[in-house]
Amino acid sequence: MKKIGALVYRELLISKKFYITSFLIVFCFSVFGYLVLMSMEFGNIAKMFEEVGEESAAVSKNSAYYIFNYFAAFIWCMLFSENGTSAADIKTKWRLYGFTLPVTEKENALVKLIFNVSGIILSFLGAISNGLIISAISGIRFDLEQNVKIYFLIILFWMFSNFFSSVVLSWARTQKEAGLSVILQIFILPLTAAVCYFLMKGSKEFSPYLSIISGEKIEFNALKELGEKILERFGGFALPCILLLIVISYFVNLRMMKRRYK
Amino acid sequence: MNDSCENAIEIKGVTKKYDGFTLKNISFNVPKGSIMGFIGQNGAGKTTTIRSLLNLVKIDEGEIKLLGLDHIRSERAIKERIAVVFDELPFHDIFNANQMSRIFSGIYMNWDNETYTNYLDRFQLPRKKKIGQFSKGMKMKLQIACALSHNAELLVMDEATTGLDPVVRNEILDIFLEYLQDEKHSILMSSHITGDLEKIADSVTFIDRGQILLSGYKDDVLESHGILKCSRRDYKDIDPADFVSARLNDYGAEVMISDKAAISRKYSGLIIDRAALDEIMVYYVNRSKKEWR
C-alpha cells in the first residue's frame with residue numbers, strides 16, 4: 001500500500017496543473033451557464049423573452065438548460081481522460097527508469113485504475129451538482145433518474161473515445177509511439193460520431209430522426225424526442241458498460257505495461 | 001578473472017538480435033565488492049547489454065544473474081537491492097528533492113532518508129528548488145543521491161558521467177570509491193570516458209560491435225598491453241599474429257600488443273610504451289583493419 005501511495009502521490013504532483021486547469025474550465029463554463037440562466041429568469045434576456053412570446057422563450061430556456069447541463073457534464077469528463085502523466089513519463093524516460101524500480105506492472109496499473117475511477121466519480125458528482133444548480137436557477141424540474149442515465153451515457157461515450165489512446169500510451173515506450181495516441185484522439189471522436197450516425201441510419205427506429213438533425217433547421221422538440229428514445233433504449237446499459245470498460249481497461253493496461261523495450 | 005568469488009553480476013552467452021546489429025554471446029562477471037568498467041565506443045552495445053541485464057529488453061539467448069538471482073524470475077527482489085543511474089535524469093522537472101524522497105521512501109523498503117539528506121547536503125543540492133532548474137551536474141548528483149540512499153548492493157550506471165565537467169566527475173568518482181569501501185557493494189559502470197575508469201575500476205570489459213573483445217582486471221590489462229613504436233622497416237619484421245592492430249604514419253608505426261612480456265622478449269630492442277585504456281580501445285576497434293592511419 002505504501003508503494004501505491006507513493007505512486008499516487010507522484011502522479012498527483014505531475015497532473016496537478018492538468019486538474020486545476022480542467023476544474024477552472026468547467027467552473028467557468030458552469031458559472032457562465034448560471035449567469036445566462038439567471039438572465040433568462042430575471043435579467044436582460046427575460047425582458048427579450050417578453051417580446052418573442054412564451055413558446056419561443058420556453059424553447060430557448062430548455063435549450064439553454066440542456067446545453068449548460070449536459071455539455072458541462074461532457075466537460076467534467078475531462079477529469080478522467082488522459083491527465084498527461086503517461087506522455088510525460090515517456091518524455092522524461094521515467095517509463096524506462098520505472099522498470100528498474102521494485103514496482104510491478106500490477107501496481108502501476110492499479111494506480112491508473114485509481115485515477116480512472118476517482119475521475120469518473122468526480123465527473124459524475126460534478127455533473128449532478130451542476131445539474132441541481134441549473135435546475136434550481138431555471139426552475140426546470142431535475143429528474144434524478146433521467147439525468148443520472150444521461151450522465152452515465154456521456155461518461156461512457158467519453159470513456160470509449162479515450163480508451164484506445166490510453167491503451168496506446170500504456171503500450172508506448174518512445175515519444176514516436178506516444179504520438180500515435182494523439183493521432184488516435186484526433187480521429188476517434190469524429191469516428192465514434194460517424195459510427196453512431198451509420199448505426200442510426202441502419203435502424204428503423206432512429207433513421208427518421210436523421211433528416212431532422214442533419215437538416216437546415218434543427219427542431220428542438222424532435223431532438224428532445226430523439227434524446228428520450230436513446231435514453232429509453234440505452235440508458236439502462238450505460239452503468240454496466242462503464243463498469244465493464246473499467247475492468248477491461250485495467251487488464252489491457254496491465255498487459256500493455258508488461259511490454260519491454262526493443 | 002577469479003570465478004570462484006561470489007559475483008554481483010553473471011552474464012553467460014547473452015545474445016540479442018536487432019536488424020543490423022547483434023549482441024553476440026556476451027559473457028562476463030562482476031565480482032562482488034568491485035567496480036567494473038564497461039568500455040566501448042558509441043553503438044558498441046553497452047546500453048543494450050545493460051538493458052538486457054536489467055530486463056528492459058528481452059534477450060534471445062543466454063543467462064543473467066544479479067546478486068545470485070535469475071534476472072527475470074527474481075526481478076522484483078533484485079530491484080529492491082539494486083540502483084540504476086542513467087545518463088539523463090528521468091525525474092520530472094516539476095519535482096524537488098524533498099518530493100523525490102517522499103516518492104522513493106514509499107517505493108523502496110530500505111529507503112534511508114538520513115543518508116539521502118546527507119548526500120543532499122554534501123552535494124549542496126537545494127531541497128525545495130524544482131529539478132527543472134538544476135544544472136546537468138546537479139541533476140546527476142540528485143540521481144546518484146537517490147541511487148545510494150536505499151542500501152543498494154549493486155549500482156548499475158549507463159554513461160552516467162558523460163557530459164559532466166571534470167570537477168563534478170571527480171566528486172562523483174570519490175563517492176563511488178566510498179560506496180565500495182565495505183566490499184559488500186559492487187558497481188558496473190559503462191562509459192566511453194576511459195580516464196574515469198582508469199581511476200577507479202578494478203576490472204574492465206571491452207565491447208565492440210556487439211562482441212566482448214576482452215575482459216579482465218584493469219591492472220592486468222594495462223600491464224599486458226603496450227604500444228610498440230618502431231620504424232616502417234622494423235614494422236615489416238613484426239608477425240601480424242603478434243599484434244592487435246597497427247597505426248601507420250609516414251615515419252613509422254605504433255603497434256598495439258597484448259602480451260608485453262612475450263613481445264619484448266621476441267622483439268628485443270624495440271620500445272614498448274605503456275598503453276592507456278582509451279588507446280587499447282582504439283586499437284582493438286581497428287583490429288579488423290589490422291593497419292590503419
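The chains referred to below are lettered A, B, ... by the order of the sequence lines, with proteins before strands, and numbering in each begins at 1.
Side-chain atoms of A/R260 come within 3.5 Å of backbone N or O of B/N55 as a donor-acceptor pair. Judged by distance alone, with hydrogens and angles left aside, the side-chain atoms of A/K2 form a donor-acceptor pair with the main-chain N or O of B/S105 at under 3.5 Å.
Rounded to the nearest 0.5 Å, atoms CG (B/D158) and OG1 (A/T100) are 11.5 Å apart.
Closest approach of B/G106 and A/A6 over heavy atoms only: CA-CB, 3.7 Å. Taking all atoms of both residues into account, the shortest heavy-atom contact from B/V84 to A/Y97 is O-CE1, 3.5 Å. In this structure, A/P102 and B/R76 approach most closely via the heavy-atom pair O-NE, 3.6 Å. Residues A/Y9 and B/Q99 share a closest heavy-atom pair of OH-CG, 3.3 Å.
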Inset, instruction - Kindly determine whether B/I107 and A/V103 satisfy side-chain contact (heavy atoms from CB on, under 4.5 Å), including the steps that lead there. - result: CA-CA 7 Å; B/I107 289 175; A/V103 175; 3.9 Å; yes
Legend entry - side-chain contact (heavy atoms from CB on, under 4.5 Å) between B/F95 and A/R10, intermediate numbers included: CA-CA 9 Å; B/F95 293 153; A/R10 192 187 83 87; 3.5 Å; yes
Inset, instruction - For B/L54 and A/F99, run side-chain contact (heavy atoms from CB on, under 4.5 Å): C-alpha distance rounded to whole Å, both residues' side-chain angles, the deciding distance at 0.1 Å, then the answer. - result: CA-CA 8 Å; B/L54 296 170; A/F99 281 120; over 6 Å; no
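B/Y18 OH: more than 12 foreign heavy atoms inside a 6.0 Å radius. The 12-atom threshold is not exceeded at CZ of B/R102, counting heavy atoms of other residues, nucleotides or ligands nearer than 6.0 Å. Around atom NZ of B/K17, no more than 12 heavy atoms belonging to other residues, nucleotides or ligands sit under 6.0 Å away. Shown here is B/Q133, whose CD atom has more than 12 heavy atoms of other residues, nucleotides or ligands within 6.0 Å. The 12-atom threshold is not exceeded at CZ of A/F237, counting heavy atoms of other residues, nucleotides or ligands nearer than 6.0 Å. Enclosure of atom CZ in A/F32 is not indicated, since only 12 or fewer non-hydrogen atoms of other residues, nucleotides or ligands lie within 6.0 angstrom. Atom CZ of A/F160 sits in a sparse spot, with 12 or fewer heavy atoms from other residues, nucleotides or ligands closer than 6.0 Å. Within a 6.0 Å sphere centred on CZ of A/F71, other residues, nucleotides and ligands contribute 12 heavy atoms or fewer.
Using a 4.0 Å cut-off between a side-chain N of Lys or Arg and a carboxylate O of Asp or Glu, B/E88 and A/K91 do not qualify as a salt bridge.
Contacts between B/T48 and chain A at a heavy-atom distance below 4.5 Å are absent for every atom of the residue. Heavy atoms of B/I103 lying under 4.5 Å from chain A belong to its backbone as well as its side chain. Only the side chain of B/R51 has a heavy atom closer than 4.5 Å to any heavy atom of chain A. B/L89 touches chain A through its backbone: at least one of N, CA, C or O sits under 4.5 Å from a heavy atom, while the side chain does not.
Residue with the most contacts toward chain B among A/L13, A/D89, A/L7: A/L13 (heavy-atom pairs, distance under 4.5 Å). The candidate from A/K3, A/K93, A/E107 with the greatest count of non-hydrogen atom pairs under 4.5 Å with chain B is A/K3.
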Going by atom type alone, with no hydrogens or angles, which donor-acceptor pairs under 3.5 Å involve a side-chain atom of residues 246-258 of chain A and a protein atom two or more places apart or on another chain?
unit_1 : atom_1 : unit_2 : atom_2 : d
A/S249 : OG     : A/L245 : O      : 2.7
A/N253 : OD1    : A/S170 : OG     : 2.5
A/N253 : ND2    : A/S249 : O      : 3.4

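Note on ring orientation: taking the six-membered ring where Trp is involved, the planes of A/W94 and B/F104 are tilted (angle from 30° to 60°).
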